[in-house]
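Here's the structure, in structure tokens; my notes come after.
Letters go in sequence order (proteins before strands), and every chain restarts at 1. These figures come from a predicted structure and were not determined experimentally.
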Amino acid sequence: MILLAFIILFVAAAIGYVINIRAAQAIRDGGAPLHSLVGFHGMFSALVVLVPVFILILLWIALADPLIQRLVAASLPEGTFDGLGTGAIQLIMAEINSLAGGRVFGTPEDWKIEAAERLVGYERTADIALVVVVIIAVIALIAFARRTVIAEFRARQGSEGIMLRLMAFCAIFAIFVTIAIVFALVYETSKFFSMVPITEFLFGLNWEPQIPIRADQIAAEGAFGAVPVFLGTLVIASVALIVAIPIGLMTAIYLNEFASRRVRSVVKPFLEILAGVPTVVYGFFAILVVAPWLRSTGASLGIDVASNTALAAGSVMGIMLIPFISSFADDALSAVPQSLRDGALALGATRSETMLNVLVPAAIPGIVGGILLAVSRAIGETMIVVMAAGLIARMTINPLDSVTAVTVQIVTLLIGDTAFDNPKTLSAFALGMMLFIITLGINVLALRIVRKYREIYD
Amino acid sequence: MMDDLRRIERTAEMNDTKISAKGVQVFYGDTHAIKDVDVQIGDKTVTAFIGPSGCGKSTFLRCLNRMNDTIDICRVQGSITMDGQDIYDPRVDPVQLRAKVGMVFQKPNPFPKSIYDNVAYGPKIHGLAQTKADMDVIVEASLRRAAIWNEVKDRLDAPGTGLSGGQQQRLCIARAVATAPEVLLMDEPCSALDPIATAQIEELIDELRQQFSVVIVTHSMQQAARVSQKTAFFHLGNLVEFNDTDQIFTNPQDPRTESYITGRIG
Ligand SMILES: Nc1ncnc2c1ncn2[C@@H]1O[C@H](COP(=O)(O)OP(=O)(O)OP(=O)(O)O)[C@@H](O)[C@H]1O
Ligand SMILES: [Mg+2]
């Protein structure tokens, strides 16, 4: 039925287009000079029909079903839901819905069957109502658009105005979604902090978010000190950056200034491939290649290395970040004007002196911006650490130890059979919130630096 | 005996000719940008290169400090000698050559460093100053030479990019002068400047002539006439005429020179 509504809408828009074009042509052929071209009159009609009715149908899709569910629930016999939890109520409504869909399990009570019949009836009415409303709306809008067709009507400005509002709406939509996400995060986080004091979360040194399975397991209250988790992320990200920053920068400098065109044409595509490798594959690489290698090397040196070390996860993450940093640094170096390069060379500087004393300092803000963005990626990176880092939070900065990361904890806390009303699950949102705040801060800083630096040469 | 003769010849040459170019050809890929150019650039004189846009003035100027080496597709043939030494000889290090042949560009290009560091950069990489005090002396002398000392002496730590266009250009001249070059190449150094700054720089060029030989590319006939003793007129990659500036402007030998300086081609 919704499909039918859309078909009617598009056909109506086409009809409105043709009608207005005909009308405008008639006026033009009658000798009156049109303000707007014939096509704009057609477009105006099509837009006037399309945009509002499209929004109407979308709203209908979003609102009709919850409304019907409400109506059905209200029509159930008095006292049906008395004393039931949300879960049980949902169960009853689900049963009625599946009855309405023709799937019968066991022998349902009569009042349920009646409710299901009412549901089917409401749905049919709603469908017919939708089609009728759409038809009425499109006819009214076509008629309205047709009446605008006179010589002086500014159809071009009219259609441009509609398009402009449409684009503005799309832009605002993205902002709204972002705000909604943040709001959901804040809401769940505040629920968590109503159960666990914020000071314990921020400063506690013990992270054991297991909660009692049975009521008598009081002793095993969860501990929600997030410090060791963030410390783990810090250790892994530091290893990653220690790998990625020097290699990435050297690569960029080499490619930008010293490599021959042949070398560049080989290395650049390789870096792009590296940038395109899915993080899952990096995860494989970490557990199948790097971790065993570290273990055996450690064993031969007499050092005891854990199987899922921060070093393995971090170094592989570092490899992932190399193309990121090198492409940022490369852009920053290329953006330094040729005239500066010439100026240094003409003073008798060698190419490496030019690079180190003039180009790199001039590009430093761009490079720093790129590094900060890499930092925020390293902190937020999930797949590699889920695969290669540990699960137990430890207060250690030894990269040969097994540590966990914030993202790993979020994933494990939300996996499995969870209800959203205990601190164990909610703590994932608190972690996510912290992560969000940190990466947001870093990104804002990075973008500021990058933008500031652009201004110097523009 | 032979050696002595050569030495005498060389000293004689040094007194009047600093750079001597013979049969120079420059190609950018397949483009033949400079065709068989012979020029003698005198010591302690100002030589002006004039000619219509695209005729190869900058290209030829960049041959003199081997800046064309930095362009992949550029090939230079023929011989260019400075003080009798072939500058394209494989044993010559272009880096050392450029320390002796300074260059000022059309667009001021100060480094994004402080004014002091801009000027000190050349002396630093060439090890011209042993102590900070030495360096201070060099920086001050260079800035004075470039007629900008009074304007910047109170803000030597301010970034060079924060100066006005004319000040930046004089800073670039100070930077080039600081490495104590023997030749100074200037590619349209005044094209971004107002008449006052231009006049200052022209005055400066005349002063620099005491120590260096200066080669200046310019699109302004008046400027060439005012500052130079010798003028070379280029056209479509050829050196059409090279003579004393007075001669070029009062009594040009070639009809193309005459039509250019009277404004008919270009
Ligand atoms: N980097 C380059 N690559 C290819 N061709 C070049 C390059 N630089 C200059 N050319 C060509 O060489 C010729 C001479 O250029 P050049 O810059 O020397 O002219 P010019 O006399 O300095 O001109 P202008 O007065 O406009 O500065 C031109 O035809 C130009 O297209
Ligand atoms: Mg030029």
Side-chain angles (χ1 to χ4, degrees), chain A residues 252-268 329-370 448-458, chain B residues 58 61-62 64-73 93-114 117-128 159-162 168-169 171-181 183-187 192:
Chain A
I253 289 176
Y254 176 70
L255 287 183
N256 200 277
E257 189 62 26
F258 301 103
S260 69
R261 198 166 302 177
R262 274 236 329 274
V263 174
R264 216 182 343 235
S265 70
V266 174
V267 177
K268 278 230 161 169
D330 196 20
D331 286 351
L333 287 172
S334 310
V336 178
Q338 179 68 29
S339 65
L340 280 188
R341 208 174 291 237
D342 284 349
L345 289 173
L347 279 180
T350 62
R351 280 165 89 185
S352 20
E353 282 168 342
T354 305
M355 191 53 161
L356 285 181
N357 304 337
V358 178
L359 301 188
V360 171
I364 261 296
I367 294 174
V368 169
R448 255 208 199 169
I449 293 176
V450 170
R451 196 167 310 147
K452 193 154 174 205
Y453 139 86
R454 292 251 159 81
E455 282 165 9
I456 299 179
Y457 300 116
D458 283 349
Chain B
S58 300
L61 196 69
R62 291 163 62 91
L64 302 181
N65 64 348
R66 293 187 58 174
M67 278 299 281
N68 282 332
D69 291 14
T70 61
I71 300 173
D72 287 346
I73 54 168
D93 183 356
V95 166
Q96 278 166 1
L97 173 73
R98 288 180 200 140
K100 286 197 286 184
V101 184
M103 186 162 192
V104 175
F105 296 83
Q106 177 171 0
K107 223 179 110 217
N109 55 352
F111 302 136
K113 300 169 183 283
S114 71
D117 288 341
N118 260 285
V119 181
Y121 183 64
K124 199 177 87 195
I125 56 175
H126 296 298
L128 298 185
T161 42
Q168 286 188 9
Q169 191 65 303
L171 176 63
C172 291
I173 294 176
R175 184 176 73 185
V177 169
T179 49
V183 180
L184 193 57
L185 310 176
M186 305 176 119
D187 194 349

Atom of B:P110, atom of A:L340 and distance for their closest heavy-atom approach: O-CD2, 3.2 Å
Pick from B:I125, B:L185, B:D93 with the largest number of heavy-atom pairs that fall under 4.5 Å of chain A: B:I125
Nearest-0.5 Å distance, CD of residue A:Q338 to OG1 of residue B:T70: 6.5 Å
Residue selection (most heavy-atom pairs with chain A, distance under 4.5 Å) from B:K124, B:M67, B:Q106: B:M67
Contacts of type side-chain contact (heavy atoms from CB on, under 4.5 Å), residue B:K107, not counting sequence neighbours: none
Side chain, backbone, both or neither of B:R62 within contact of chain A (heavy atoms, under 4.5 Å): side chain
Inter-chain contacts: residues 343-356 of chain A against chain B, heavy atoms under 4.5 Å: A:G343, A:A344, A:L345, A:A346, A:L347, A:G348, A:A349, A:T350, A:E353, A:T354
Contact check, side chains of B:D72 and A:R261, non-hydrogen atoms, under 4.5 Å: yes
Closest-packed option against chain A by number of heavy-atom pairs under 4.5 Å, given B:M103, B:Q96, B:K113: B:K113
B:F111 versus chain A, the contacting section by heavy-atom distance below 4.5 Å: both
Which portion of B:D117 sits near chain A, non-hydrogen atoms under 4.5 angstrom: neither
Engaged part of B:V101 at the chain A interface, taking heavy atoms whose separation is under 4.5 Å: backbone
Structural part of B:K100 lying under 4.5 Å from a heavy atom of chain A: neither
